[in-house]
There are 2 protein chains.
Amino acid sequence: MTVNEALDHAERIITERGVGALTVAEIARAMGMRPPSLYKYFSSLHGVYDELFARGNKRLVSHVDDATQSYQPGLDRLLESTRAIMRWSILNPGLASLLFWRPIPGFQPRAETHAIAETMVQRSRADLSVAAQKGSLAPNADSDEVFRLFTAISAGLCSQQLANEPQATYETGLFTSLTDEALDMFVQRYAPSPS
Amino acid sequence: MTVNEALDHAERIITERGVGALTVAEIARAMGMRPPSLYKYFSSLHGVYDELFARGNKRLVSHVDDATQSYQPGLDRLLESTRAIMRWSILNPGLASLLFWRPIPGFQPRAETHAIAETMVQRSRADLSVAAQKGSLAPNADSDEVFRLFTAISAGLCSQQLANEPQATYETGLFTSLTDEALDMFVQRYAPSPS
DNA sequence: GTCTATATGTTGATAGAC
DNA sequence: GTCTATCAACATATAGAC
């Protein structure tokens, strides 16, 4: 489909040159079209960003699903989901920064688009609850505050990696290579008391 | 000075509408000028970003210095510097995102500008060493890896706060209010063994 | 339906008049 | 110092060929 071709080019552009470097004219050039022709497929440049946002969300959810298929709800799935999100973000820096930051002035994804990722977030939130109920973590770990802290830790490693050493891999990156240490720090912090 | 007036307007614009919303024409409008006139003061729009970057760095360093003046090198100063950086970032979201992320395609601050902030980072790195030597932290905490993990934690809380709830204060923010919990988690993780 | 041609308004930037 | 004039590239929009 032509729309998907255009999105492929758009994705390549933001990956190579940054989210803010995307223009309608640039996509049109890559497709051998005139810029106005693209307005039959997208309502505006913001519309392209919206489709990219939706595409990124779906791809990320698929990637996390694949990585955690053999897992049961609980702590292990929570941790592996996080690793999967970080690996995907390093491999897709353009889409990742569109998903996790607000790099485009005035761009807000449609609420419906936002909901795609929300299910994944809620599953991780539920994994945290299960972990606390199973005794993998302390009972007080089952809270929105602890969950926000957990997400902020991985988001911090990820954004620092993308900002400071964007060409590195997940395994070798100065920040992403600290992921397991950070996850262990979190798990130890909220470990159940040995009473 | 006219340059500083222009930078005041530029700073207001990126604070109100985001780093990517800054244009030469917008600054000129705010000053009652025509856009070409501004090119007597700045070599380009990237030049404006460069001055904003330098200004943000100087202000942040001053703010951290003020907040830690009564502290000796060591763990307490490291923690209070971090709180100061986060408070300043929430109060100056435009400048902060310019300093800590790479939101402008193609914009890289001059090396000289970058060096201003480097002294502050090095001081915090030294505080981590002192903390380990004094026994406030374990000896193995004195490493670049642990320091990167430390900075990533606060950067994560900060960027999540700015991206998801930008209008909140440091004290009440859903993420920044977790700062002391996160710092304590870090300190406990690298606490000296009770041997 | 899909595209081209064309038009408007805005942007970053330069040259040169006053 | 500030302006006008000017340019190329941009987002956006509409009219109309095929």
Output a table of donor-acceptor pairs, distance under 3.5 Å, between side-chain atoms of residues 32-39 of chain A and any protein atom two or more places apart or on a different chain; print 'none' if there are none.
{"from": "A/S37", "atom 1": "OG", "to": "A/R34", "atom 2": "O", "distance (Å)": "3.4"}

Worksheet item: Under the salt bridge (Lys or Arg N to Asp or Glu O under 4.0 Å) test, which residues partner A/D144, sequence neighbours left out?
Response: A/R125
Discussion item. Once side chain to side chain donor-acceptor pair (under 3.5 Å) is applied, what residue pairs with a partner in residues 85-101 of chain B remain, sequence neighbours excluded?
Written reply: B/E80-B/R87
Discussion item. I'd like to know if the side chain of A/Q160 reaches the main chain of B/A152, judged simply by a donor and an acceptor atom lying under 3.5 Å from each other, with no hydrogens or angles considered.
Written reply: no
What is the distance, rounded to the nearest whole Å, between atom [atom1] of [X] and atom [atom2] of [N]?
X     : N      : atom1 : atom2 : result
A/I13 : D/dC10 : CD1   : C1'   : 14 Å
B/R34 : D/dC7  : CZ    : P     : 20 Å
A/F42 : C/dT2  : CZ    : C1'   : 15 Å
B/M33 : D/dG1  : CE    : P     : 9 Å

Worksheet entry | Presence of A/S37 side-chain N/O under 4.0 Å of C/dT4 phosphate oxygens OP1/OP2 | yes
Discussion item. Restricting to side chain to side chain donor-acceptor pair (under 3.5 Å), what partner residues turn up for B/Q72, sequence neighbours left out?
Written reply: none
Worksheet item: With A/Y190, which residues qualify under ring pair (Phe, Tyr, Trp, His ring centres under 6.0 Å), at least two apart?
Response: A/F186
Item to complete: Sugar-phosphate means primed atoms, P, OP1 and OP2; the rest is base. With that split, encode nucleotides 10-16 of chain C 5' to 3' as B, S or - using protein heavy atoms under 4.0 Å.
Response: -SSBB--
